[in-house]
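The structure appears right after this line, and notes come after that.
Just so you know, these numbers come straight off a predicted model, no measurement behind them. Start at 1 with the first residue, then count along the sequence.
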Amino acid sequence: MNRLKTRSALAGALASFACAAPAALDLASFDAAVDPCVDFYQYVNGKWIAATTIPDDRASWGTGAIVDQHNERVLRGALDAALRAQLPKGVAQRKAIEFYASGMDGSAIEKAGLAPLEPVFARIAAVATPADLARTLAYLHIRGIGAGFGLDVRQDAKNSSRYLAELQQGGLGLPDRDYYLKDDERSKQQRDAYVKHVARMLALAGDAPDAAARNAAIVMAMETELAKASMTNVELRDEEKNYHKQTPAQLGKQAPGLPWGEYFAAFGASGLRELNVAQPEFFKALARLATEKPAEEWRTYLRWHVLLATATKLPEKFEQASFDFHQGVLKGVKTQPPRARRVIAVISGNYGEQPMAQALARIFVDQSFSPQAKARSEALIRNVKAALADRLRTVDWMSEATRRRALEKLAAMQVKIGYPDHWRDYSRADVGAHSFVENWLNANAFDHERDLKRLSGPVDRGEWWMSPYMVNAYYDARKNEIVFPAGILQPPFFDAQADDALNYGGIGMVIGHEITHGFDDRGRKFDARGNLTDWWTAADAKRYEERTLRIEKQYSGFEGVEGLKVNGKLTLGENIADLGGLKIAYLALQKALKDKPQGPIDALTQDQRFFLSYAQTWRNRQRAEQERLRIQTDSHSPPRFRVRGPLAHMPEFARAFSCDPAKSLLAESQRGNIW
């Protein structure tokens with residue numbers, strides 16, 4: 001069914017869901033007791049922060065979550081209406097609806113129990129040799145169960161015109177390698193809680209209490225070994241350190257303990273000629289463990305990872321146990337979200353990257369992204385790109401040779417807005433009249449088949465990996481593209497009816513942020529076609545790195561919950577993008593106002609409204625547990641520092657609010673004056 005017909009079938013049922021509240025400054029949230037020149041984030045959001053309680057079913061609450069809640073209501077309304085509309089069998093929307101319905105049928109999930117996983121557990125029970133282990137890992141990976149490591153198909157970082165298989169470290173149940181290795185008291189407590197959680201889950205799956213405790217210790221020991229061999233989050237940001245193209249035969253020589261030929265054959269890639277082994281030391285350790293660890297321990301580890309991956313699709317006792325640890329202990333969430341949100345989250349994944357997420361998106365975008373909104377957002381993007389081009393032509397630290405290549409890259413940067421031009425074909429996906437967990441396993445198997453086919457075909461530069469209903473955006477260095485899903489093109493980030501200052505301070509900064517990623521400490525190493533290559537002169541690279549070091553140092557001084565410092569190295573790329581994005585969004589606003597002057601609104605100048613809009617979009621409250629997790633694992637700084645940090649570099653902000661530059665800004669020698 002085409003989109004126009006879907007719109008006609010669902011429009012009447014969705015009239016009450018289609019619009020978010022219009023964009024406007026929340027003047028009542030300003031805290032007049034705070035000097036805006038000292039703490040602008042608190043000045044703009046102080047009263048909102050004081051009056052806001054984080055919902056019990058959330059780890060945090062703020063602008064993004066509020067927009068996400070709106071999008072969820074639209075999507076849930078669309079799904080309910082589509083269930084009543086009886087769409088034809090086989091179409092993508094029908095498959096998504098049946099997947100959703102299987103997740104909403106709690107009684108069927110309870111009745112099925114673990115029976116849908118019996119073939120998976122039987123396969124694991126037969127593991128006796130490293131060859132068995134290799135074949136079983138492939139069997140699990142095909143079905144989306146990330147035991148041991150991961151294999152993905154991506155564009156070749158050094159030849160973006162082709163796809164390349166890539167082996168990546170993985171196989172951990174805790175959020176990050178450091179959770180296994182840090183000696184502070186909180187980390188020890190969380191490890192103890194994790195072991196108890198593993199034992200609880202294994203007991204629910206049938207292990208006797210004593211056996212469950214022993215097996216949980218085995219899992220912890222295995223994962224600790226994998227953690228020791230894993231790269232840190234900072235090391236993973238270095239593209240060169242994570243590029244090691246080789247043949248399967250070379251991999252077999254470097255990591256001989258695991259029969260890689262058996263793995264690739266079972267994975268359906270027996271003809272694989274080369275691949276990127278992103279973290280070679282990890283795979284050496286994994287292969288060693290394949291022979292050193294008894295088969296019984298591997299069987300225990302694999303059983304656990306099946307439960308870890310599928311718990312949210314299983315009967316309530318498994319789902320609750322998973323929630324208690326992953327959401328309760330690690331994030332501080334108090335209660336389970338509504339079932340519909342949990343089911344949508346399973347189908348979507350963290351970023352809307354799961355196989356069936358685009359089928360959900362087709363239902364969403366018909367109701368949530370008008371041609372008017374697309375035209376206005378396209379104009380914003382053109383202006384922001386033009387503002388960066390102006391800066392690239394004039395920055396005094398860049399040589400003409402590098403400047404020319406930078407402008408070429410910016411001109412070649414592809415822009416995607418709203419939703420894909422071509423939707424994925426889901427006709428071969430075996431999703432429908434199955435249990436919830438079976439639909440999830442089958443959707444992953446469908447995606448696996450699609451991935452393997454990409455190895456023999458041309459790169460699809462029209463593809464999206466984030467679903468259009470997500471409140472997010474991204475830059476893909478290997479495609480040199482910026483992508484803005486319809487989900488974030490909503491108030492207060494963007495409103496086609498709002499004044500320019502609000503839109504440029506909201507979505508304009510997001511646009512600038514994503515464009516700047518093409519020139520952050522990682523993105524700058526890819527050329528206009530998305531190839532990892534050094535196109536900078538040595539002198540320009542040195543001057544650039546001197547400036548980024550100032551940003552790293554500034555953010556490393558920010559202190560979050562429990563005295564934890566922001567990791568300036570881990571967050572560097574995002575911090576560069578925040579600073580660059582805000583700067584060029586401001587410059588783009590000046591270009592827009594030059595063509596269409598506008599006076600004060602609510603006694604606030606356009607410059608003031610720009611910065612107020614920016615700070616308001618980052619209003620946020622996080623639970624202490626959530627902030628602790630994010631500071632340790634996330635490449636983004638906590639929201640308050642995403643306001644305080646960039647503004648300290650901008651004289652334009654000081655002028656807008658009549659601040660004393662000596663008190664409100666970093667010294668010139670401390671500013672990261674890149675753009």
Check whether any side-chain heavy atom of [X] lies under 4.5 Å from a side-chain heavy atom of [Y], and answer yes or no.
{"X": "Lys331", "Y": "Arg623", "answer": "no"}
{"X": "Ile576", "Y": "Arg547", "answer": "no"}
{"X": "Lys416", "Y": "Ile482", "answer": "no"}
{"X": "Arg376", "Y": "Gln497", "answer": "no"}
{"X": "Asp238", "Y": "Met231", "answer": "no"}
{"X": "Arg640", "Y": "Phe558", "answer": "no"}
{"X": "Asn567", "Y": "Asn233", "answer": "no"}
{"X": "Val510", "Y": "Phe494", "answer": "no"}

- Message: Around atom NZ of Lys569, are there more than 12 heavy atoms from other residues, nucleotides or ligands closer than 6.0 Å?
- Response: no
- Item | Other residues, nucleotides, ligands: >12 heavy atoms within 6.0 Å of Arg529 CZ | no
- The side chain to side chain contact (heavy atoms under 4.5 Å, CB included) partner of Tyr163 among Asp451, Val153, Asp156 is Val153
Electrostatic pair [X]-[Y], nearest N-O below 4.0 angstrom:
{"X": "Glu235", "Y": "Lys241", "result": "no"}
{"X": "Lys158", "Y": "Glu240", "result": "yes"}
{"X": "Arg628", "Y": "Glu625", "result": "no"}
{"X": "Glu239", "Y": "Lys525", "result": "no"}

- Task: Any chance you could lay out the side chain to side chain contact (heavy atoms under 4.5 Å, CB included) test for Leu582 and Phe653, step after step, and finish with the verdict?
- Result: CA-CA 11 Å; Leu582 187 62; Phe653 165 74; over 6 Å; no
Is it the case that [X] and [Y] place a side-chain donor and acceptor less than 3.5 Å from each other?
{"X": "Asp527", "Y": "Thr533", "answer": "no"}
{"X": "Glu574", "Y": "His517", "answer": "yes"}
{"X": "Asp578", "Y": "His513", "answer": "yes"}
{"X": "Arg642", "Y": "Thr617", "answer": "no"}

Rounded at 0.5 Å granularity, tell me how far [atom1] in [X] sits from [atom2] in [Y].
{"X": "Gln42", "Y": "Asp31", "atom1": "CD", "atom2": "CG", "answer": "6.0 Å"}
{"X": "Leu589", "Y": "Asn383", "atom1": "CG", "atom2": "CG", "answer": "9.5 Å"}
{"X": "Leu151", "Y": "Asn276", "atom1": "CG", "atom2": "CG", "answer": "10.5 Å"}
{"X": "Ile584", "Y": "Leu579", "atom1": "CD1", "atom2": "CG", "answer": "10.5 Å"}
{"X": "Leu410", "Y": "Phe519", "atom1": "CG", "atom2": "CZ", "answer": "5.0 Å"}
{"X": "Thr571", "Y": "Arg237", "atom1": "OG1", "atom2": "CZ", "answer": "8.0 Å"}

- Worked check of side chain to side chain donor-acceptor pair (under 3.5 Å) between Ser160 and Arg461: CA-CA 10 Å; Ser160 65; Arg461 290 189 174 265; 3.2 Å; yes
- Query: For Tyr474 and Glu481, what are the C-alpha separation, side-chain angles and deciding distance, and is it a side chain to side chain contact (heavy atoms under 4.5 Å, CB included)?
  - Reply: CA-CA 8 Å; Tyr474 69 90; Glu481 68 178 15; 3.9 Å; yes
Has the side chain of [X] got a donor or acceptor atom that lies under 3.5 Å from a matching backbone atom of [Y]?
{"X": "Arg671", "Y": "Leu666", "value": "yes"}
{"X": "Asp660", "Y": "Ala662", "value": "yes"}
{"X": "Thr605", "Y": "Gln608", "value": "yes"}
{"X": "Asp68", "Y": "Gly64", "value": "no"}
{"X": "Lys596", "Y": "Asp500", "value": "no"}
{"X": "Arg403", "Y": "Val395", "value": "yes"}
{"X": "Ser29", "Y": "Trp48", "value": "no"}

Within the 6.0 Å centroid threshold, strictly below: [X] and [Y]:
{"X": "Trp423", "Y": "Trp464", "value": "no"}
{"X": "Phe149", "Y": "Phe283", "value": "yes"}
{"X": "Phe610", "Y": "Tyr614", "value": "no"}
{"X": "Tyr43", "Y": "Phe30", "value": "yes"}

- Could you check Thr63, Thr52, Asn45 and say which one makes a side chain to side chain donor-acceptor pair (under 3.5 Å) with Arg619? Asn45
- Message: Please evaluate residues Asp521 and Tyr544 with respect to the criterion side chain to side chain donor-acceptor pair (under 3.5 Å), reporting the C-alpha separation (whole Å), side-chain torsions for both, the decisive distance (0.1 Å), and the verdict.
- Response: CA-CA 9 Å; Asp521 64 312; Tyr544 180 93; 5.7 Å; no
- Could you please spell out the steps behind the salt bridge (Lys or Arg N to Asp or Glu O under 4.0 Å) verdict for Arg655 and Asp607? CA-CA 9 Å; Arg655 287 196 298 270; Asp607 280 11; over 6 Å; no
- Dump the intermediate steps for side chain to side chain donor-acceptor pair (under 3.5 Å) on Asn480 and Tyr475, then the final yes or no. CA-CA 7 Å; Asn480 188 29; Tyr475 171 74; 3.0 Å; yes
- Message: One pair to check against side chain to side chain contact (heavy atoms under 4.5 Å, CB included): Gln670 and Lys553. What are the steps and the verdict?
- Response: CA-CA 9 Å; Gln670 296 174 309; Lys553 184 177 180 180; over 6 Å; no
- Report the C-alpha distance between Leu164 and Gln155 in whole Å, list the side-chain angles of each, state the deciding distance to 0.1 Å, and finish with yes or no for side chain to side chain contact (heavy atoms under 4.5 Å, CB included). CA-CA 6 Å; Leu164 182 68; Gln155 283 174 268; over 6 Å; no
- Applying ring-ring contact (aromatic ring centres under 6.0 Å, His included) between Phe611 and each of Phe40, Trp618, Tyr586, report the one that passes. Tyr586
- Message: Can you confirm if the NZ or CZ of Lys409 lies within 45° of the ring axis of Phe526 and under 6.0 Å from the centre of its six-membered ring?
- Response: no
